[in-house]
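In what follows, a structure is listed as structure tokens, so that the remarks can point back to it.
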Amino acid sequence: ENGAGKSTMIKVLTGEVVPQTGEVWKHPNARVAYVAQHAFHHIEEHLNKTANEYIRWRYSNGEDKESLVKVSMVLTEDEAK
């Protein structure tokens, strides 16, 4: 359902957003990853992969393979929103 906080929860779990109140606890062995709904510039070359395969490829060496691309990328106005 829209507005239920699903995206916010994922962002809190990944550390992208810090909660204003309360406490966040994750198991020390938990790994959380997600592909943003509008991240087409990241996945357009990986459409043959499932979401699981893409995440495993992207972080296969323990680092984000897309991070180098992200630094030099120029986003459109819509993508920046």
List for me each residue that meets side-chain contact (heavy atoms from CB on, under 4.5 Å) alongside Asn48, sequence neighbours excluded, and say none if there are none. none

What's the separation between atom CD in Glu53 and atom NE2 in His46, rounded to the nearest 0.5 Å? 12.0 Å

Closest approach of Lys26 to Leu13 (non-hydrogen atoms, all atoms of both residues): NZ-O, 2.9 Å

Measure the NZ-CE distance between Lys6 and Met9 for me, rounded to the nearest 0.5 Å. 9.5 Å

When rounded to the nearest 0.5 Å, the distance separating OH of Tyr54 from CG of Leu47 is 10.5 Å

